[in-house]
Undergrad: 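Sharing a structure here in structure tokens format.
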Amino acid sequence: MSLTLINVLFAVVAAIGFAALNAAYLVWCERKGAGFFQRRPGPMENGPWGLLQPPVDGIKLMTKQLVIPGGVDKALFMVAPVLAMFPAIMSFVTIPFSENIVAQNMNIGVLMIFAFASMGSMAILFAGWGSRNKYALMSSVRGVSQAIAYEVPMLITVITIVMITGSMDLRAIALDQSGGFWQWNILALTKSPLMPVSFLIFFVCTLAETNRAPFDLGEAESELVAGFHTEYSSMGFGLFFMGEYANIVIGSCLTTLLFLGGWGCPFGLFPGVWWFLLKIYLLIFTFIWIRWTFPRTTIYGLLNLSWKILIPFSLFNLLLTAGLLKVF
Amino acid sequence: MIIQTIKQSLVELFPPVEAAPAPVAEETAEDEGAKKAPAKAEPRVNGVITCDYNATGYHLDAQVDPDQLLDAVSRIDAAGFFIESITGVDWLKENQLEVVYDFARYDFDLCRVVIRTRVDRAISEVPTITGIYSGANWHERETHDFFGIKFTGHPHLVPLLLPEDADFHPLLKDFKA
Amino acid sequence: MSGYFSEIISGGKSLVVGMSITLKEFFKPKVTLQYPHQTVKMAERFRGHIELIENESGEPNCVACGMCQRACPSGCISLTSKSVEIEVEGKTKKKKVLTSYDLNFTTCSLCGSCVESCNFDAICYSKEYNLASTRKEDFHFDLLKRLKERNS
Amino acid sequence: MSDPIQLRSDETFTLNVGPQHPATHGVLRVKMEMDGEYIFSAETVLGYIHRMHEKMGENRTYAQYLPNLGRLDYLSAMAYNHGYVLAVEKAASIEVPERAEYIRVLTVELNRISSHLVWFGAFIMDLGGFTPLMYAFDDREAILDILEAVTGSRLTYCYHRFGGVYNDVDDDFIEGTKAFIPRMRKALKTYEDLVTKNIILMKRLKGIGPVSAEMCRKYGATGPVARASGINFDVRKNEPYSLYNEFDFDVPVYNECDSYARYMVRMEEMEQSLRIIEQALAKMPEGPIMPKKKPKIIKPPAGDYYQAVEAARGSFGIRIVSDGGKNAYRLKLRSPTYSNMHLFDEACRGMLIADALAFMGSIDLVIPEMDR
């Protein structure tokens with residue numbers, strides 16, 4: 001066995017571990033956060049401050065029966081949850097946590113992450129189609145149109161960043177912003193004065209891509225019961241759940257790397273993995289904060305936002321950045 | 001005042017040839033109460049009665065023949081009333097079923113009108129008013145559930161509150177669970 | 001076109017205002033009660049199920065008149081009595097004595113008609129609200145027995 | 001707002017919303033014929049918790065029927081109690097002391113606020129926002145505590161009695177209510193900032209679920225649904241019962257006819273209820289809470305009696321047909337949501353399912369009241 005293969009295996013195991021641990025404890029954070037936003041303490045019963053809640057939940061999910069309803073498309077039904085989790089884990093492989101902590105750096109890291117991210121909508125489509133449930137089907141159709149609508153502005157903003165940096169390597173993009181918060185892409189006003197707007201667009205798109213409130217139309221519980229995972233039980237549901245949280249982590253990792261200087265310190269001191277973790281968890285907190293503040297949009301509201309506001313703005317920013325790069 | 005207008009309009013339903021309704025229409029509630037109590041076994045004669053609002057809670061009480069019902073209700077509709085409810089009463093002693101229609105107004109010209117019609121218990125058929133008030137649909141279905149009164153011409157007369165296969169009518173006085 | 005931008009701005013502002021409100025609430029003290037560990041004190045007039053009231057000698061005040069039984073809309077009270085002869089100031093008097101007082105709590109709607117109808121101050125509301133069981137029989141209360149248990 | 005599209009009847013599928021569905025707030029079933037996400041037609045199926053309260057009314061004495069009223073609309077039980085006792089008092093000619101009427105108005109209005117708070121929370125939850133529900137419940141808790149201390153129960157009150165109320169209010173009640181008013185005003189301001197002005201909410205509700213005034217009339221819709229369609233109808237104003245003509249309050253009316261108007265009507269009604277409570281607290285006289293002379297057994301003279309009151313969801317009517325006996329000969333309960341929900345079938349045609357469920361939430365359903 002070659003050394004690279006061992007390296008890759010080790011990386012994959014580490015990524016799975018990180019993703020699973022994060023997913024499990026993000027559920028705890030989400031519930032705690034929800035509780036605090038609603039003036040209640042959240043889970044308190046299992047362990048101190050409810051810290052043992054995630055393992056308990058995990059055991060519950062794993063020991064439950066996996067019900068496969070009659071008439072489902074078995075192959076799609078079984079593949080879908082795996083497909084929801086798999087791209088998330090694969091994306092972790094190429095994310096640099098600091099200058100040296102990266103499982104497998106690639107010079108087209110950005111491209112790879114987006115390639116995997118678009119597989120997520122496949123999982124939704126498979127789950128919705130496969131489970132032979134009208135709610136699930138409607139949800140999956142929504143999910144796909146949402147994914148298409150939001151990948152466009154998201155990629156346009158990413159192209160802007162790639163243009164500024166001149167690289168698709170996530171590590172290079174992060175290193176390009178080192179030195180202090182004035183160097184971060186979110187404040188790169190000299191390169192394009194619309195960069196903060198660009199950040200907002202990217203952030204909104206991340207919310208939509210990860211199916212988070214207020215864009216959680218796929219699983220709009222008051223309309224579509226539970227959306228595409230209505231028919232899933234046990235770990236089938238668990239994988240969807242973990243996949244969602246893993247996607248949130250990846251979304252915040254990307255936002256941090258592309259806009260917030262990666263592992264760089266705001267004041268240029270002691271760059272390192274702790275800054276990176278701090279930034280992603282702050283972003284995740286914002287995700288939770290937004291979820292527990294706003295009502296859900298509708299499908300047309302969501303598409304209107306994407307096509308009428310986000311895409312024009314991101315396109316304009318792209319042109320402006322290109323023009324400024326050409327001039328200066 | 002709307003009360004006079006609508007009363008006029010409803011009284012027109014009863015041609016003076018019958019002679020009997022005309023004096024009834026002029027009766028006040030006190031007279032009516034006094035008259036009604038002894039003559040209990042006798043069903044009330046069709047006609048319009050002005051009621052004491054403070055005592056009963058409504059202004060006009062019109063009892064019509066099932067044939068006159070649609071005419072009466074369209075007069076109410078034309079006067080801009082909204083439908084409050086439809087219900088039935090089972091007068092077992094008189095062997096009759098009564099359908100009671102309540103109407104009220106949205107504006108400040110307070111007027112509550114009750115239209116009633118009586119049918120024989122054996123042949124309980126009343127024309128539907130869903131053509132005039134679409135909101136009568138559920139009320140009529142409910143009355144059909146509870147009393148078994150058939151509303152002829154109703155678009156969808158299936159049990160609403162009772163189970164789909166219910167063949168009993170719980171509010172009939174001779175209903176035993 | 002100006003409407004387009006002003007809507008984006010006002011909309012964005014409304015979102016920020018909303019988020020600032022939830023953030024403020026985030027740091028406020030919690031308002032909930034950790035139920036099994038902490039319990040609520042019931043209001044003085046709280047209407048639970050009924051209990052018999054005893055007199056000084058520990059006997060129920062109830063004279064078995066049956067008013068409560070008749071007042072109950074759901075028919076969940078059933079009581080039996082026997083007459084005994086007692087001596088009061090040298091005279092023998094007949095008196096009804098309660099022999100059983102059963103409350104079928106499964107059909108009780110806690111309306112309080114029984115307590116209201118009682119002229120002898122013989123029943124009161126209990127403050128108990130932790131009533132949960134998986135068996136029906138647990139809600140058939142023998143109030144006379146409960147009274148004795150309370151006294152012992 | 002979605003553009004009207006041409007729906008095709010030959011490509012529909014049936015979607016069963018309910019009887020167990022997160023948006024129906026109980027056991028209501030709506031059979032929807034869908035063309036994609038658009039509703040082609042809908043049929044509401046009722047009766048899952050039908051309990052035949054009207055028959056119970058025939059089998060029980062007037063006093064024994066009192067607890068039933070709280071079980072109709074568990075969120076604004078007090079208004080239903082009020083309507084029933086008023087109807088029986090009208091029938092049996094029982095005088096009510098003034099203080100008792102004040103207490104009734106106070107409790108009914110407090111209960112109305114608590115009912116609207118539940119609606120507010122549940123409605124926003126239908127729209128996907130969970131947090132306002134918790135804030136609303138926190139404020140509602142304050143009302144429930146106040147009412148519990150007086151009535152002895154928290155939800156299915158049975159407090160009003162023929163001729164008066166069950167027991168007198170104490171100083172704690174007065175103080176508690178006085179302290180509650182500023183708290184509620186502050187909370188209403190929070191709701192306005194957090195929810196009412198929220199762009200997502202406005203986008204979701206404005207122009208959604210149009211109900212014309214004519215449609216309201218044909219279906220007999222009352223309460224906030226009618227008031228949001230430009231109909232200035234509130235039983236408390238149009239047909240003043242109890243002491244309502246002694247209070248100075250406004251009836252919020254909106255002409256937009258959409259879900260946002262219904263939302264706004266209810267939000268403003270809470271403020272109006274606070275105004276009534278304030279005035280009632282200031283004016284409340286001392287005195288008895290039960291009339292001196294009251295028949296032991298209520299036997300209204302034979303006749304037909306009708307009483308309407310403004311419950312939280314609209315006009316609640318009660319018709320008592322008496323034959324002079326201890327029990328009512330016939331007792332008809334006219335529940336507001338029954339009529340309000342009836343227009344859903346017609347109004348939701350051509351809507352997206354998400355909008356239809358928002359519209360359903362804006363009608364403010366309480367299923368036990370519809371099914372009776």
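In what follows, chains are A, B, ... by sequence order, proteins preceding strands, each numbered from 1. From a predicted model like this one, the values you see are computed outputs, not experimental measurements.
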Undergrad: If I measure from the heavy atoms of chain A, does C/Leu23 come under 4.5 Å with its side chain, its backbone, both, or neither?
TA: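 Both backbone and side chain of C/Leu23 come within 4.5 Å of chain A.
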Undergrad: Is the CZ atom of C/Phe26 crowded by more than 12 outside heavy atoms at less than 6.0 Å?
TA: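 More than 12 within 6.0 Å, yes.
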Undergrad: Is A/Phe37 close to chain C through its backbone or its side chain, or both, or neither, when contacts mean heavy atoms under 4.5 Å?
TA: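 Both parts, backbone and side chain.
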Undergrad: In terms of heavy-atom proximity below 4.5 Å to chain A, should C/Ile21 be classed as side chain, backbone, both, or neither?
TA: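 Neither part.
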Undergrad: What part of C/Pro29 gets closer than 4.5 Å to chain A, counting heavy atoms only: side chain, backbone, both or neither?
TA: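 Its backbone and side chain both get close to chain A.
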Undergrad: Could you pull out every donor-acceptor pair under 3.5 Å between chain A and chain C?
TA:
from: A/Arg39; atom 1: O; to: C/Val31; atom 2: N; distance (Å): 3.0
from: A/Arg39; atom 1: NE; to: C/Pro29; atom 2: O; distance (Å): 3.4
from: A/Arg39; atom 1: NH2; to: C/Pro29; atom 2: O; distance (Å): 3.1
from: A/Glu45; atom 1: OE1; to: C/His37; atom 2: NE2; distance (Å): 3.3
from: A/Glu45; atom 1: OE2; to: C/His37; atom 2: NE2; distance (Å): 3.2
from: A/Trp289; atom 1: NE1; to: C/Met19; atom 2: O; distance (Å): 3.0
from: A/Trp289; atom 1: NE1; to: C/Thr22; atom 2: OG1; distance (Å): 3.2
from: A/Thr293; atom 1: OG1; to: C/Thr22; atom 2: OG1; distance (Å): 2.8
from: A/Lys308; atom 1: O; to: C/Tyr4; atom 2: OH; distance (Å): 2.5

